[in-house]
Amino acid sequence: MPGPIVNNIDCSHSLFKIYATIKAKRAKCPVCEKHSNKIHDRYTRTISDLPVFQNKTTIFLKTRKFKCQNPQCDRKVFSERTPYILRYSRRTRRVSRILDSLSIELTGKMGSTLSEQLLISVSKSTIARMAHEQQLPQIAQPKVLGVDDFAYRKGISYGTVLVDMETSRPIDILPSREGKELKKWLSKYPGVKIVTRDRASSYSSAIDEVCPTYRMPWTGISKVWTQKSKSSSRIKAMNF
């Protein structure tokens, strides 16, 4: 990180301790964006960073608070920032990017276990919270849509998962398995050409109403499989 100045480094018990300060002589107010060089106070931030030579790394960043010198600004005191460390965070951006990936690809417990192996250990609740905080990508118009229900609590409450079958990735989750929720979603994305689904009547009526020109690939497969089964039965009966 080119921003901070390293004042001292201490390595003991498989832990790298880096003592640093921000080299800028002034800071920009996050509200009015006016620079100030009038220091109000100092404090130390404890920040986790990537490991160094298989040693856990902690940065002790001495941070300054500045007084905003703009009399018309609502913010009177603000802390200096660096683009390499998230606001109100105890880890660098590069550590956060790794943990964000773990939170999406793994469960909370598995993500926490792997983070310990990477020497950037966090709890399973932190992994789950990071997964919920991530922004969802914009939904592109799917052409081949998969629709199925799933259980929040089996026998009590259910939802609907929608999958883009061309990429095999979930694109949205509906809070229930009622047809009106699917109908509302399809009204926003009416360009669906092919739908794969189970035989739930609520899904069928919603799709027929919003996308009357859609095709269902499993219908043809079902007919072919039925015809083959009947033919096989006849052949077996004749041979017998």
Answer whether the closest heavy-atom distance between the side chains of L162 and L145 falls below 4.5 Å. yes
Heavy-atom check, side chain of Q72 versus side chain of C32, under 4.5 Å: no
Would you say that I127 contacts L106 through its side chain, given a criterion of any heavy-atom pair below 4.5 Å between the two side chains? no
Before giving the answer on side-chain contact (heavy atoms from CB on, under 4.5 Å), spell out for S79 and R87 the whole-Å C-alpha distance, their side-chain angles and the decisive distance to 0.1 Å. CA-CA 10 Å; S79 299; R87 187 183 181 190; over 6 Å; no
Q141 versus V192: any side-chain heavy-atom pair under 4.5 Å? yes
Determine, stepwise, if the pair V95 / L50 fulfils side-chain contact (heavy atoms from CB on, under 4.5 Å). CA-CA 6 Å; V95 170; L50 296 178; 3.8 Å; yes
Would you check if N70 and R75 make a side-chain contact, meaning some heavy-atom pair closer than 4.5 Å? no
Would a 4.5 Å heavy-atom cut-off, applied to side chains only, mark W185 and I171 as touching? yes
Do S115 and V122 come within less than 4.5 Å of each other through their side chains, counting heavy atoms only? yes
Among R45, K23, R64, K65, whose salt bridge (Lys or Arg N to Asp or Glu O under 4.0 Å) with E80 holds? R64
Could you state the interatomic distance from CD1 (I47) to CZ (R93), rounded to the nearest 0.5 Å? 12.0 Å
Under a 4.5 Å cut-off applied to non-hydrogen side-chain atoms, are R169 and D164 in contact? no
Can a donor-acceptor pair be found between the side chains of T160 and E181 at a distance below 3.5 Å? no
State, without any angle test, whether T44 and Y19 hold a side-chain donor-acceptor pair at a distance under 3.5 Å. no
